Amino acid sequence: MSRYTASELEPKWQKAWEEAGVFTATRDDSKEKYYVLEMFPYPSGKLHMGHVRNYTMGDVISRYKMSCGFSVLHPMGFDAFGMPAENAAMAIGGHPKTWTYENIDTMVEQMKPLGLSLDWSRMFATCDVEYYGQQQALFLDFLEKGLVYRKNAIVNWDPVDMTVLANEQVENGCGWRSGAPVERRELTQWFFKISDYSDELLTALDGLENWPAKVRLMQENWIGKSRGLQFSFERVDGEEPITVYTTRPDTLNGASFVGISPDHPISKELEADNPEVAAILAEMRKGGTTEEAIETAEKLGYDTGIKAKHPLTGAELPVWIANFILMDYGTGAIFACPAHDQRDLDFCRKYDLPVIDTFFALDNETPVENEAFVPMKSEKVKWVNHFAGLDEATGEDAINVTIDLAEKDGWGEGVTKFRLRDWGLSRQRYWGCPIPVVHCDSCGVVPEKKENLPIELPFDVSFDQPGNPLDRHPTWRDCACPSCGAPAKRETDTMDTFVDSSWYFARFTAPDAETPTDMAEAEYWMNVDQYIGGIEHAILHLLYSRFFARAMQICGHLPDKAIEPFDALFTQGMVTHEIYENTTRKTPEGRTLYHYPEEVEKRDGNTYVKGTDEQLKVTPSAKMSKSKNNVVDPIEIINSYGADTARWFVLSDSPPERDVEWTASGAEAAAKHLNRVWNLCDRIGEMDKDAAGQGDEDLLREVHKAIRDVTLGVESFGFNAAIAKLYGFTNTIQKCKASYKAQREAIMTLAQLMAPMTPHLAEDIWAHQGGEGLVINAPWPKADESLLVESAVTMPIQINGKRRAEISVPVDMAKEEIEKLALAHDAVVKALDGGAPKKLIVVPGRIINVVV
RNA sequence: GCCCGAGUGGCGGAAUGGUAGACGCAGGGGAUUCAAAAUCCCCCGCUGGUAACAGCGUGUGGGUUCGAGUCCCACCUUGGGCACCA
């Protein structure tokens with residue numbers, strides 16, 4: 001008897017696949033193609049369980065589709081620009097480029113043993129100059145088509161380090177290194193005109209039928225289409241009127257003040273010649289730029305002294321600067337209706353401004369105190385002196401009536417607005433794709449010539465001081481103006497890493513092309529048939545990619561059909577783990593110190609740094625994240641049990657879309673099962689080939705049931721369900737007494753059905769049983785419908801909705817016959833006690849419910 | 001604060017509005033063994049009962065339905081996103 005030794009058979013089969021070239025994607029017009037893609041990783045240097053789960057899911061799909069006869073493209077690359085490389089350079093020295101490429105090597109080395117069906121020949125990293133050079137070409141094309149422009153935008157500014165901070169680098173409103181309170185500052189930056197596509201990106205969501213509904217909903221809300229009224233408040237002092245936008249114009253009677261953003265032109269004007277205002281605005285600009293920071297900050301206001309005239313009543317309303325009004329949305333100015341908006345109400349209570357009820361609930365006319373009355377727009381309410389003469393009406397109706405009235409009387413117009421803002425792509429950082437423009441004293445902002453691309457990042461930079469090293473690079477900045485040839489300065493900002501990940505899927509179709517894409521290849525391989533990644537990318541990455549695909553199509557880099565690049569999307573849950581925070585020590589750079597799970601041990605209910613008495617604070621499970629160090633290394637499992645065990649394990653326990661809390665137990669169970677399957681194969685191999693058996697028919701039926709169930713499981717991403725079926729099928733084979741011939745067929749089918757999940761073991765069983773060629777090349781089995789028909793079905797009998805008995809009836813038995821049988825059943829007779837049933841429900845093949 | 005999810009045995013989880021707990025883990029019992037490992041077989045939601053069986057049970061409270069883990073309303077807890085983490 002032989003033994004299952006993963007460490008021997010896995011490399012053997014990986015070599016066999018490589019020699020057969022089975023994973024090399026080849027354009028074959030005679031075959032239907034299938035493009036499966038998992039979101040590519042950031043090269044942190046550590047493969048973690050989340051990666052293994054993600055790639056294994058993609059691999060199951062990929063191998064399944066190969067068996068179904070598709071020409072499959074299944075590539076892998078690295079999202080390799082970004083902050084961690086610069087942070088590492090600052091923390092431990094070295095160069096971002098060296099650090100990144102070393103990490104990529106490490107990760108490839110960790111991924112290869114998993115036996116993924118990847119076409120490694122297509123691999124690239126976004127920090128490869130061949131890639132970002134093409135990205136610069138795309139930028140220039142977008143610029144030419146008017147899809148990129150410059151405007152001012154607000155950034156987090158660290159006043160001590162004199163540098164721009166990412167949101168992640170702001171902790172409690174302070175810079176993570178300096179600890180100084182962060183300020184919001186304006187900077188001129190590059191923007192993609194994604195807002196031109198708001199409506200298009202919104203309506204096209206309807207066509208994405210194979211995307212999760214929740215992702216479409218999140219994108220819909222993010223784009224945020226709203227219809228409202230735009231109108232102006234005349235100023236009593238006769239200056240330029242203040243234009244506001246509101247989605248609740250029906251509550252205009254409840255206006256108690258006009259609010260403007262701290263970044264509104266009027267605010268800036270006041271600030272310029274009034275130091276008091278400047279000081280107040282500086283206070284309001286403290287804290288980070290995130291919507292969360294702004295919305296949860298304490299409400300601050302400043303009465304400008306300006307008065308605005310109510311367009312209907314002529315009443316004079318004060319104009320306040322309020323810190324919760326965003327300049328980016330609407331017109332940067334609002335009218336406040338405190339009675340029906342909690343933020344406005346909080347503000348009015350703080351600054352003692354009037355609160356005017358404009359409508360009440362139909363059954364309750366209590367005036368608003370400290371809780372705003374905000375009913376659903378579809379709910380009918382009772383209006384107080386409504387200017388359009390409404391008495392009882394829904395908010396929806398009232399809004400429409402008000403807009404019509406305003407348009408008729410000429411004081412306002414109905415306007416559709418979107419929440420979606422243009423995408424700022426400038427980053428004041430080194431490790432990113434340089435923006436290929438030049439600043440010339442006489443010509444202004446000049447795009448670089450395409451023949452000068454790529455604009456390569458200089459290697460000789462240092463990270464010993466904060467800020468962007470490109471800014472202080474002695475020679476890289478200096479260049480000749482592409483237009484007039486005079487000495488000029490290169491743009492030192494680099495691109496947001498979301499740009500890198502917004503078109504890599506297209507580049508995979510022709511990774512060596514001299515242009516961003518090769519149309520013939522893109523025509524064949526696009527779209528991505530199945531995209532798989534984390535739910536955390538539901539909005540930004542996916543929305544940006546959808547925009548990019550449209551922009552690339554306009555510039556002739558993608559075919560028309562590819563403007564929605566991902567036909568189907570699956571969002572896997574995250575692998576989560578507890579976080580271990582050291583409350584006594586900090587990192588050498590003075591930041592919070594987090595420990596890896598393997599550095600931690602649990603003793604008598606507490607958690608310590610392994611081998612010490614240093615106690616740690618445990619924060620409940622959160623997504624595994626490199627900044628929190630709560631990552632589990634899968635390599636250990638692969639080393640001790642083999643890749644198939646790791647693959648089987650990450651697929652088996654949790655539904656793929658759900659988060660999974662990592663626990664070490666369970667991996668052993670997976671290994672045990674694979675051993676059992678291997679032993680089963682071995683046992684069948686040693687059977688007497690001519691021996692007769694019992695129950696061949698039954699086993700055959702089970703074979704086809706397994707084919708049906710596993711196929712369905714794989715196609716519907718029910719990998720855990722498919723695996724449960726495979727457990728059951730294995731048990732069935734193990735217990736059967738069928739002939740060698742029947743058992744051999746069963747184990748061969750089992751190998752095929754397991755092949756997408758545990759490909760090495762499957763090949764070994766296939767070979768062991770004398771299967772022809774590789775199992776990866778064998779066509780996927782088809783369930784024989786005629787063998788799946790059941791003749792009898794068990795139906796439960798409920799009495800008053802509770803199961804009390806069951807009967808077995810032929811599947812095709814008439815409803816009336818079933819009723820008769822049910823009513824004759826002992827339990828039913830007893831329950832009826834001689835009476836007639838109140839109601840009798842019979843759902844053939846499902847259930848019988850007797851109501852007494 | 002705003003948007004989107006999730007909550008079922010000791011644990012991971014299964015269940016087109018139709019038998020709640022498939023499958024696996026842990027646990028208990030047994031077989032094999034000199035003994036152990038490995039393997040195999042059986043039991044396993046909670047409470048009461050020797051048992052048959054009865055009652056309870058899918059975060060909490062309501063509702064719709066012959067029937068609700070599943071649909072509706074409110075709440076609690078928890079995860080993700082909030083535009084410079086990727």
Side-chain angles (χ1 to χ4, degrees), chain A residues 39-42 44 79 81-84 153 155-156 164-170 189 194 212-215 217-222 224 288-297 324 328 342-343 419-429 496-498 500-501 534-541 543-544 571 573-574 576 620-623 625-627 652-655 657-661 663 665-666 668-670 672-673 675-676 679 718 720-721 723-728 731 734 794-798 800-806 837-841 843 845-851:
Chain A
M39 290 181 186
F40 65 165
Y42 180 81
S44 61
D79 190 12
F81 274 135
M83 292 202 313
V155 294
N156 299 304
V164 176
L165 297 179
N167 285 334
E168 195 193 42
Q169 298 172 314
V170 179
Q189 312 208 50
I194 189 173
K214 63 176 169 185
V215 174
L217 188 58
M218 280 190 259
Q219 293 215 352
E220 185 183 322
N221 290 334
W222 185 262
T289 57
T290 63
E291 198 167 299
E292 186 192 3
I294 291 164
E295 294 219 12
T296 53
F324 62 86
D328 288 316
Q342 193 60 44
R343 280 186 310 187
R419 204 185 77 100
L420 181 64
R421 312 200 292 256
D422 277 333
W423 167 14
L425 69 118
S426 302
R427 296 291 180 272
Q428 295 70 43
R429 272 182 259 288
D496 177 9
T497 54
F498 272 124
D500 312 335
S501 55
I535 184 68
E536 68 270 26
H537 295 292
I539 297 175
L540 293 178
H541 162 61
L543 192 62
Y544 289 159
T571 52
M574 281 167 297
T576 62
S621 272
K623 87 167 164 173
S625 143
K626 45 197 166 294
S627 62
S652 62
D653 266 354
S654 264
E657 69 277 9
R658 196 111 57 115
D659 287 355
V660 56
E661 163 78 18
T663 54
S665 74
E668 196 159 334
K672 242 187 223 177
H673 179 73
N675 247 301
R676 189 155 49 225
N679 291 339
N720 55 329
I723 283 185
K725 298 291 177 194
L726 287 168
Y727 269 109
N731 285 340
Q734 197 151 31
T794 305
M795 286 181 68
I797 300 176
Q798 293 184 335
N800 290 338
K802 284 195 186 292
R803 190 185 72 96
R804 283 296 125 103
E806 57 183 38
K838 248 193 225 160
K839 200 161 183 179
L840 183 63
I841 289 119
V843 184
R846 278 275 167 214
I847 204 151
I848 301 152
N849 192 8
V850 187
V851 186

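Side-chain atoms are counted along with the backbone in the values below, which use heavy atoms only and exclude waters and symmetry mates. Residue numbering restarts at 1 for every chain, and letters A, B, ... go by the order of the sequence lines. Keep in mind it's a predicted model, so treat the numbers as computed, not measured.
The distance between the ring centers of A:Phe498 and A:His541 does not fall below 6.0 angstrom.
Look at the C1' atom in both B:A15 and B:G67: the space between them is 15 Å, to the nearest Å. As rounded to the nearest Å, B:G9 and B:C43 have C1' atoms that lie 15 Å from one another. To the nearest whole angstrom, the two P atoms, one in B:G12 and one in B:C46, are 16 Å apart. Taking atom P on both B:G62 and B:C56, the two are 15 Å apart, rounded to the nearest angstrom. If you take atom P in B:G7 and the same atom in B:U70, they sit 10 Å apart, rounded to whole Å. Here the separation of B:C71 from B:U65, taken at their C1' atoms, is 10 Å to the nearest Å. Look at the P atom in both B:A68 and B:G61: the space between them is 15 Å, to the nearest Å. For B:U8 and B:A22, the P atoms lie 16 Å apart once the distance is rounded to whole Å.
For B:U19, the base has no donor-acceptor partner in the side chain of A:Arg804 [N/O atoms by modelled type, under 3.5 angstrom]. Judged by distance alone, with hydrogens and angles left aside, A:Glu292 brings a side-chain donor or acceptor within reach of the base of B:C82, the pair sitting under 3.5 Å. In terms of polar N and O atoms assigned as donor or acceptor, the side chain of A:Gln219 never comes within less than 3.5 Å of the base of B:C4 in a complementary pairing. The base of B:C84 is paired with the side chain of A:Gln428 by a donor and an acceptor separated by under 3.5 Å.
When each of B:G81, B:G1, B:U39 is scored by its nearest atom to the side-chain atoms of A:Lys672, the top-ranked nucleotide is B:U39. Of the candidates B:C85, B:C82, B:C4, B:C82 carries the atom nearest the A:Trp222 side chain, counting heavy atoms from C-beta on. Side chain of A:Val843, nearest nucleotide from B:A86, B:C4, B:G18: B:G18. The nucleotide whose nearest atom lies closest to any side-chain atom of A:Ala669 is, among B:A86, B:C84, B:G24, B:G24. Distances were taken from every side-chain heavy atom of A:Gln734 (C-beta onward) to each of B:C82, B:C40, B:C66; the shortest belongs to B:C40. In the set B:A20, B:A86, B:G80, the nucleotide with an atom closest to the side chain of A:Gln798 is B:A20. Nearest to the side-chain atoms of A:Thr296 among the listed nucleotides B:G81, B:G1, B:C84 stands B:G1. Candidate nucleotides B:C85, B:A22, B:G18 were compared by shortest atom distance to the side chain of A:Ile847, and B:G18 ranks first. Nearest to the side-chain atoms of A:Arg803 among the listed nucleotides B:A20, B:C40, B:C84 stands B:A20. Closest contact between the side chain of A:Arg419 and the listed nucleotides B:C66, B:A83, B:G5 involves B:A83.
The interatomic distance linking A:His537 (NE2) with B:G80 (P) rounds to 13 Å, in whole Å. Going from atom CG of A:Asp500 over to atom C1' of B:A86 covers 11 Å, rounded to whole Å. When the P atom of B:G5 is taken as reference, atom CD of A:Glu657 falls 14 Å away, rounded to whole Å. Atom CD in A:Glu291 sits roughly 11 Å away from atom P in B:C82 (whole-Å rounding).
Residue order along RNA chain B, read from the 5' end via each residue's closest nucleotide, puts A:Pro796 first among A:Asn849 and A:Pro796. Comparing A:Thr794 and A:Val851, the nucleotide of RNA chain B nearest to each residue sits closer to the 5' end for A:Thr794.
Distances shorter than 4.0 Å separate none of the side-chain N or O atoms of A:Arg421 from OP1 or OP2 on B:A83. Residue A:Asn156 has no polar side-chain atom (N or O) positioned under 4.0 Å from OP1 or OP2 of B:C85. A close approach under 4.0 Å does occur between a side-chain nitrogen or oxygen of A:Thr497 and OP1 or OP2 of B:A86. Residue A:Asn720 has no polar side-chain atom (N or O) positioned under 4.0 Å from OP1 or OP2 of B:C23. For B:C66, one of the phosphate oxygens OP1 or OP2 lies less than 4.0 angstrom from a side-chain nitrogen or oxygen of A:Lys839. OP1 or OP2 of B:A14 has at least one side-chain nitrogen or oxygen of A:Arg658 nearer than 4.0 Å.
Backbone-only engagement by A:Asp79 is indicated by non-hydrogen atom pairs under 4.0 Å involving sugar-phosphate atoms exclusively. Within 4.0 Å of A:Arg343, counting heavy atoms only, lies no atom of the nucleic acid at all. Residue A:Pro655 is classed as a sugar-phosphate contact, given heavy-atom separations below 4.0 Å to backbone atoms only. Among the protein residues, A:Val215 comes within range of no part of the nucleic acid, since none of its heavy atoms lies under 4.0 Å from any strand. No contact: A:Gly534 has no heavy atom under 4.0 Å from any strand. Among the atoms of the strands shown, none is found under 4.0 Å from any heavy atom of A:Phe324. If you check every strand for non-hydrogen atoms under 4.0 Å, A:Ser652 touches nothing.
Proximity of A:Pro212 to A:Thr571: side-chain heavy atoms (C-beta onward) are separated by under 4.5 Å at one or more points.
For B:G57, the glycosidic angle deviates from 0 by more than 90°, giving an anti base.
Not a single side chain to side chain donor-acceptor pair (under 3.5 Å) links A:Arg421 to another residue, sequence neighbours left out.
Among the candidates A:Gln169, A:Gln189, A:Gln428, A:Arg427, the single residue satisfying the side-chain contact (heavy atoms from CB on, under 4.5 Å) test with A:Val164 is A:Gln428.
Among the duplex regions that RNA chain B forms, those built from at least three successive Watson-Crick or G-U pairs under 3.5 Å are B:1-7 with B:76-82, B:10-12 with B:23-25, B:27-31 with B:39-43, B:45-48 with B:53-56, B:59-63 with B:71-75, ordered by first number.
A donor-acceptor contact under 3.5 angstrom links the side chains of A:Thr289 and A:Asn167, judged on distance only.
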